[in-house]
2 protein chains.
Amino acid sequence: MSTGEIVQPAPRRRRSDGERSRKSILEAAAALATIDGLEGLSIGRLAERTGMSKSGLYAHFGSKQELQLATVETANEIFQAEVVEPALAAPAGRERLIALCDHYFSHLEREVFPGGCFFASAAADFDTRAGPVRDAIAAAYTDLDELLQELGADARDRGELAADTDLAQLSFELGGFLLAANSAYVLFRDTGALDQGRRAVRARLAV
Amino acid sequence: MSTGEIVQPAPRRRRSDGERSRKSILEAAAALATIDGLEGLSIGRLAERTGMSKSGLYAHFGSKQELQLATVETANEIFQAEVVEPALAAPAGRERLIALCDHYFSHLEREVFPGGCFFASAAADFDTRAGPVRDAIAAAYTDLDELLQELGADARDRGELAADTDLAQLSFELGGFLLAANSAYVLFRDTGALDQGRRAVRARLAV
DNA sequence: CCTACCGATCGGTAGG
DNA sequence: CCTACCGATCGGTAGG
């Protein structure tokens, strides 16, 4: 250690860190939003959490609404990667439908988001509002509903479910089991709710 | 109209209005909480809504947390009066269990709270917090779970449900249908979700 | 990306 | 119950 050496200042970010920075901000935002709510998420607290100044965040996102929209998009990507894509690895049909629900329960258990299901939390926050953020959340809800119905149709076409299965009704009921498990798990942190969810899904899909 | 008549000022509240005032404040608070969230509910906005000054509200409740606790209590009374008590008028057993769920769907449709189920909304807001408000909301959740299980036990004992019915599991699944109907209805204001809820309950309770 | 600032609103209090 | 006020924090902007 020569006397010429001085204490290094905080490492200067390279330009190429811009996108990585944006991504890590949005992941922190998605996590925080499940605790404070997507509306309760404040730019000041997010700045603190990410070690950035408030105006630094505004340089990235322009407004709170833009930040919220980007956060919903990021949460969607996380949900796809943690729940949907792993489920698509299961054999098509009834097995894949069960896998989707199981990966949903698993993502709760693994605390992918600290406050449970991002979309259940965000929907509760924005359900009575109007505007692009509500619309993005509603679209995610519809997407999951459609996915459940598609997987249900595959199972039905394979003869694994009754030929007269009402797919919208099936999706509604499975969605209810996901919501019930999320609510109970986040409120009580009791994995028993996840087991009840798994049992409910299997009973509903029994031949 | 004699010239002696003057425009009346806002009617002076009589002392006995105190309790009525408190009740109407709390009813407004419970309604507002399903829109802005129980935490997002601000004392300033509630003061505006009730035509009272902020410090007037503090004279009633002392702190925001006390207001939140009193609001949860009031929401509970409304839920009892609008959902639970009407259901208890139905014949004991399976019919009463269905009536409870139906009155839940009905209270959504009648917009008893403008933002849907108070407890679903409040739970989403407080599920990751700690303290007496979270505890009061969690207790309401447990109460409903126990009620569903009791009514399920009656139905089972009457032979209207299988003798080996898992009551906790039944309550979980019915609760899921209530939550699913609430989420979809509040997000999309589509009564189809309420019909799906009614069908789901009946299918689950079919002999 | 930063510092420094803006008006508005938050929960809450003093004093009546 | 009121007016008048407190410090803290909100979303957002100016200027660099």
Side-chain angles (χ1 to χ4, degrees), chain A residues 8-29 32-33 35-72 125-126 129-134, chain B residues 9-29 32-33 35-72 122 125-126 129-134:
Chain A
Q8 290 296 99
R12 200 164 278 278
R13 294 264 170 74
R14 283 153 299 159
R15 265 307 82 194
S16 60
D17 281 355
E19 266 184 43
R20 201 188 309 166
S21 166
R22 183 185 154 93
K23 198 188 169 197
S24 70
I25 291 166
L26 287 173
E27 282 167 358
L32 260 182
I35 294 177
D36 296 327
L38 189 55
E39 188 65 34
L41 170 71
S42 92
I43 290 174
R45 264 200 304 272
L46 182 59
E48 223 171 70
R49 179 69 63 105
T50 56
M52 193 173 282
S53 69
K54 271 172 55 181
S55 67
L57 292 180
Y58 276 100
H60 274 289
F61 303 105
S63 72
K64 185 174 182 182
Q65 180 171 285
E66 289 303 318
L67 171 66
Q68 289 171 324
L69 284 169
T71 301
V72 171
D125 216 6
F126 273 85
R129 303 177 200 263
V133 181
R134 184 223 84 106
Chain B
R12 200 163 277 279
R13 295 263 170 75
R14 284 152 299 159
R15 264 307 83 196
S16 59
D17 282 355
E19 263 185 45
R20 201 190 307 166
S21 166
R22 183 185 154 95
K23 197 189 169 197
S24 71
I25 291 167
L26 287 173
E27 282 168 0
L32 260 182
I35 293 177
D36 296 327
L38 189 55
E39 187 65 34
L41 170 70
S42 91
I43 291 173
R45 265 201 302 274
L46 182 60
E48 223 172 68
R49 180 68 65 104
T50 55
M52 194 174 280
S53 69
K54 273 173 53 182
S55 67
L57 293 180
Y58 276 99
H60 274 289
F61 304 104
S63 72
K64 185 173 181 181
Q65 180 170 285
E66 289 304 318
L67 170 65
Q68 289 171 326
L69 284 170
T71 301
V72 170
D125 216 7
F126 273 86
R129 304 176 199 263
V133 181
R134 185 223 82 106

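Below, chains carry the letters A, B, ... as their sequence lines are ordered, and counting in each starts from 1.
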Hey, does the side chain of [X] reach the backbone of [Y] with a donor-acceptor pair shorter than 3.5 angstrom?
| X | Y | result |
| --- | --- | --- |
| R45(B) | L32(B) | no |
| K64(A) | L41(A) | yes |
| Q68(A) | L38(A) | yes |
| S53(B) | G56(B) | yes |
| S55(A) | Y58(A) | no |

Short side-chain N/O contact from R45(A) to OP1 or OP2 of dT9(D), under 4.0 Å: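 For dT9(D), OP1/OP2 do not have a side-chain N/O of R45(A) under 4.0 Å.
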Runs of at least three consecutive pairs that involve DNA chain D, where pairs are Watson-Crick or G-U with distances under 3.5 Å: C:1-16 with D:1-16
Interface with DNA chain C, restricted to residues 60-70 of chain A and to heavy atoms under 4.0 Å: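 Within this stretch, H60(A) sit under 4.0 Å of the strand.
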Atom of G44(B), atom of K54(B) and distance for their closest heavy-atom approach: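 That closest heavy-atom pairing would be CA-CG, 3.8 Å.
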Would you kindly give the [atom1]-to-[atom2] distance between [X] and [N], to the nearest whole Å?
| X | N | atom1 | atom2 | result |
| --- | --- | --- | --- | --- |
| I25(A) | dC1(C) | CD1 | C1' | 10 Å |
| E39(A) | dC10(C) | CD | C1' | 14 Å |
| L32(B) | dC10(C) | CG | P | 12 Å |
| E48(A) | dC10(D) | CD | C1' | 13 Å |

How long is the straight-line distance from [atom2] of [Y] back to [atom1] of [X], given to the nearest 0.5 Å?
| X | Y | atom1 | atom2 | value |
| --- | --- | --- | --- | --- |
| H60(A) | T50(A) | NE2 | OG1 | 8.5 Å |
| S42(A) | L67(A) | OG | CG | 10.0 Å |
| S24(A) | M52(A) | OG | CE | 7.0 Å |

CZ (R129(B)) with more than 12 external heavy atoms under 6.0 Å: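 It does: R129(B) CZ has more than 12 such atoms within range.
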F61(A) and its side chain to side chain contact (heavy atoms under 4.5 Å, CB included) partner, picked from L46(A), T71(A), L26(A): L26(A)
Minimum-distance nucleotide (side-chain atoms of Y58(A) versus dC10(D), dG11(C), dG12(D)): dG12(D)
Annotated protein contacts, base or backbone, on nucleotides 2-8 of chain C with a non-hydrogen cut-off under 4.0 Å, one of B, S, - each: BB-----
